[in-house]
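Here the structure is laid out as structure tokens; the discussion comes afterwards.
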There are 2 protein chains.
Amino acid sequence: MRVDTQESGTRTRTRQAIIDAAIEVLGQNATATLGEIAAAADVGRTTLHRYFAERSDLLKALSAEGVTRLNRAADNARLDEGTGADALRRLCHEYFELGSLLSLIFSEPQLIDDADWSERGGCDPQLSALVERGHRDGTIDPELPATWVQSVLWSQLYAGWSYLADTHISRYEALRLVVRTLSGAIAPKS
Amino acid sequence: MRVDTQESGTRTRTRQAIIDAAIEVLGQNATATLGEIAAAADVGRTTLHRYFAERSDLLKALSAEGVTRLNRAADNARLDEGTGADALRRLCHEYFELGSLLSLIFSEPQLIDDADWSERGGCDPQLSALVERGHRDGTIDPELPATWVQSVLWSQLYAGWSYLADTHISRYEALRLVVRTLSGAIAPKS
DNA sequence: CCTTTATGGAACAGACGTGTTCCGCTATAG
DNA sequence: CTATAGCGGAACACGTCTGTTCCATAAAGG
């Protein structure tokens, strides 16, 4: 995918600054202006257009960046180890670190859906396998389909991230609440 | 609040049609055009402006309508009866009936926040009292603050409503999943 | 029959975001 | 010192949404 001609160090830094700023700003307000994104990245709007000719080009770059970060988080969570519920809790921890990207993906799902990630029926295969393992090992409520578990995971992550932004709670406490309620939500009922 | 001069029957019907259409359309896409809303209401854009001079006027009316529907749902749920968890489940049932209004409130929270509803610290008093009752009667995890329970309730409702729209599941099944995971999420941990 | 009420459509001006061009500035490498 | 890379700002055309005005039409009531 990488083109033959390498990009200068300055340029890659600027490009990355724009992408990072876009994730922050668009995570707060999906309809933000290119001018606002440029200002957040501390660059002129002209410069932004130099790197991403059209808005859609920036969104494509954001999609790629999102997929990269999601995959890295999933790798760190070692989804194939331990019980299904434990793996899901580890994934929850890793995903929570994504920060503003959570808001962006949650409020603009088609940004990622259109990418090659999660091509199968709106649920990525790794998570699906994880949930089925949890069904077998008795740590995830067998009445909950994998797609619904995925929905619950994302909605809880988004709620936790928003809660962190709205209240005076610590990041650690917010994550603890998310994991606690998520664990209860997916636990088999007695 | 009601003005002295009563509105004609036709006008109240048209006004209500516009409000209903706005909830539907803005629930799907919060940046929808006034033209799209007018089309959905089967009304000319001129007519829409006759009832709501500016976009903000329409939003104010939506806020009032939202508060009305929320209060009616809360009344139907009889929040002061039974255990805290049971009351919360009843509220979940009632709120789920709000349909597209769920999406609208969830994606545009400031629409309702700015109204007189839920003036206290982002959590309405009725729900707060309900959760505290659940803490005392042992049906709601005492480690979960009322504000977080409210966040979980709303995020689950939104997730369920989106799930209903995205998959081929029945309305009944979607609500069942929501109530099941919500019940587990708030249940005291053994 | 004629007036009131409610409406739709055409047309317009203003505001705003977008995409582009052009020019000037600064820093760094050669 | 000079040439190049990278950047910012001003300006422009274009499209879209908004808010408004004006006029024509259809239905209902007196």
Side-chain angles (χ1 to χ4, degrees), chain A residues 2-65 104 107-108 110-111 114, chain B residues 2-65 104 107-108 110-111 114:
Chain A
R2 194 70 259 136
V3 284
D4 37 11
T5 75
Q6 198 71 344
E7 207 175 36
S8 104
T10 331
R11 282 190 68 84
T12 50
R13 259 193 306 279
T14 305
R15 161 170 271 118
Q16 195 59 44
I18 294 173
I19 290 178
D20 290 344
I23 290 177
E24 290 297 322
V25 173
L26 293 178
Q28 302 294 323
N29 168 21
T31 68
T33 293
L34 292 183
E36 301 178 50
I37 296 174
D42 224 29
V43 299
R45 193 166 66 90
T46 311
T47 301
L48 193 152
H49 273 104
R50 250 181 224 114
Y51 287 83
F52 307 98
E54 300 188 359
R55 178 180 251 265
S56 63
D57 295 322
L58 175 58
L59 296 185
K60 268 188 287 224
L62 286 184
S63 174
E65 177 76 12
L104 181 57
S107 58
E108 220 69 17
Q110 76 282 8
L111 194 76
D114 295 341
Chain B
R2 192 73 258 136
V3 285
D4 37 11
T5 74
Q6 198 71 343
E7 208 175 36
S8 103
T10 331
R11 282 190 69 85
T12 49
R13 259 194 306 278
T14 305
R15 160 169 272 119
Q16 195 58 45
I18 293 173
I19 291 177
D20 292 344
I23 291 176
E24 291 295 323
V25 173
L26 293 178
Q28 303 294 321
N29 169 21
T31 69
T33 294
L34 291 183
E36 302 178 51
I37 297 174
D42 224 27
V43 152
R45 193 167 67 89
T46 312
T47 300
L48 192 153
H49 272 105
R50 246 179 227 117
Y51 287 83
F52 307 99
E54 300 188 359
R55 179 180 248 266
S56 62
D57 295 323
L58 175 58
L59 296 185
K60 268 187 286 221
L62 287 183
S63 175
E65 177 76 14
L104 181 57
S107 58
E108 221 65 20
Q110 75 284 9
L111 194 76
D114 295 341

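Quantities reported herein were computed from a predicted structural model and do not represent experimental measurements.
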#### Entry: Any donor-acceptor N/O pair under 3.5 Å between dG6(D) base and Arg13(A) side chain
no

### Query
So what does Asp57(B) touch, heavy atoms closer than 4.0 Å: a base, only the sugar-phosphate, or nothing?
nothing

Just distance, no hydrogens or angles: give the donor-acceptor pairs under 3.5 Å from side chains in residues 16-27 of chain A, sequence neighbours left out.
from, atom 1, to, atom 2, distance (Å)
Gln16(A), NE2, Asp20(A), OD1, 3.2
Asp20(A), OD1, Arg69(A), NH2, 2.9
Glu24(A), OE1, Ser100(A), OG, 3.0

### Task
Provide, to the nearest angstrom, the distance between the CD1 atom belonging to Ile18(A) and the P atom belonging to dC7(D).
8 Å

#### Entry: Which nucleotide in dG19(C), dG8(D), dG19(D) has an atom nearest any side-chain atom of His49(B)
dG19(D)

### Task
State whether the distance check finds a donor on one side and an acceptor on the other, under 3.5 Å, for side chain Thr46(A) versus base dG8(D).
no

### Query
Is there side-chain contact between Lys60(A) and Asp57(A), with at least one heavy-atom pair below 4.5 Å?
yes

### Query
Expressed in angstrom and rounded to an integer, what is the separation of Arg15(A) atom CZ from dA5(D) atom C1'?
15 Å

### Message
On the nucleotide dC17(D), are OP1 or OP2 found under 4.0 Å from the side-chain N or O atoms that Thr33(B) carries?
### Response
yes

### Rounded distance (Å) that lies between atom P of dG9(D) and atom CG of Asp42(A)
10 Å

### Message
Within the 4.5 Å heavy-atom criterion, are Ile37(B) and Val43(B) side-chain neighbours or not?
### Response
no

### Phosphate OP1/OP2 of dC7(D) contacted by Thr14(A) side-chain N/O (<4.0 Å)
yes

### Query
Within this structure, what is the CZ-to-C1' distance between Arg11(A) and dT28(C), rounded to whole angstrom?
16 Å

### Task
Starting from C1' on dC17(D), measure out to CG on Leu59(B) and report it in whole angstrom.
14 Å

### Query
Can a side chain N or O of Tyr51(A) be found less than 4.0 Å away from OP1 or OP2 on dG6(D)?
no

### Query
Rounded to the Å, how far apart are Arg55(A) CZ and dC16(C) C1'?
13 Å

### Message
So does Leu59(B) get a backbone contact from the side chain of Ser63(B), meaning a donor-acceptor N/O pair under 3.5 Å?
### Response
no

### Message
Quick check: any donor-acceptor pair below 3.5 Å linking the side-chain of Arg50(B) to the base of dG8(C)?
### Response
yes

Hey, can you pull the donor-acceptor pairs under 3.5 Å for the side chains in residues 46-55 of chain B, sequence neighbours left out?
from, atom 1, to, atom 2, distance (Å)
His49(B), ND1, Arg45(B), O, 3.3
Arg55(B), NH2, Ala32(B), O, 2.3

### Query
Which residue, Arg45(A) or Leu48(A), contacts DNA chain D at a nucleotide closer to its 5' end, judged by nearest heavy atom?
Leu48(A)

#### Entry: Distance in angstrom units between Leu34(A) CG and dG17(C) P, rounded
10 Å

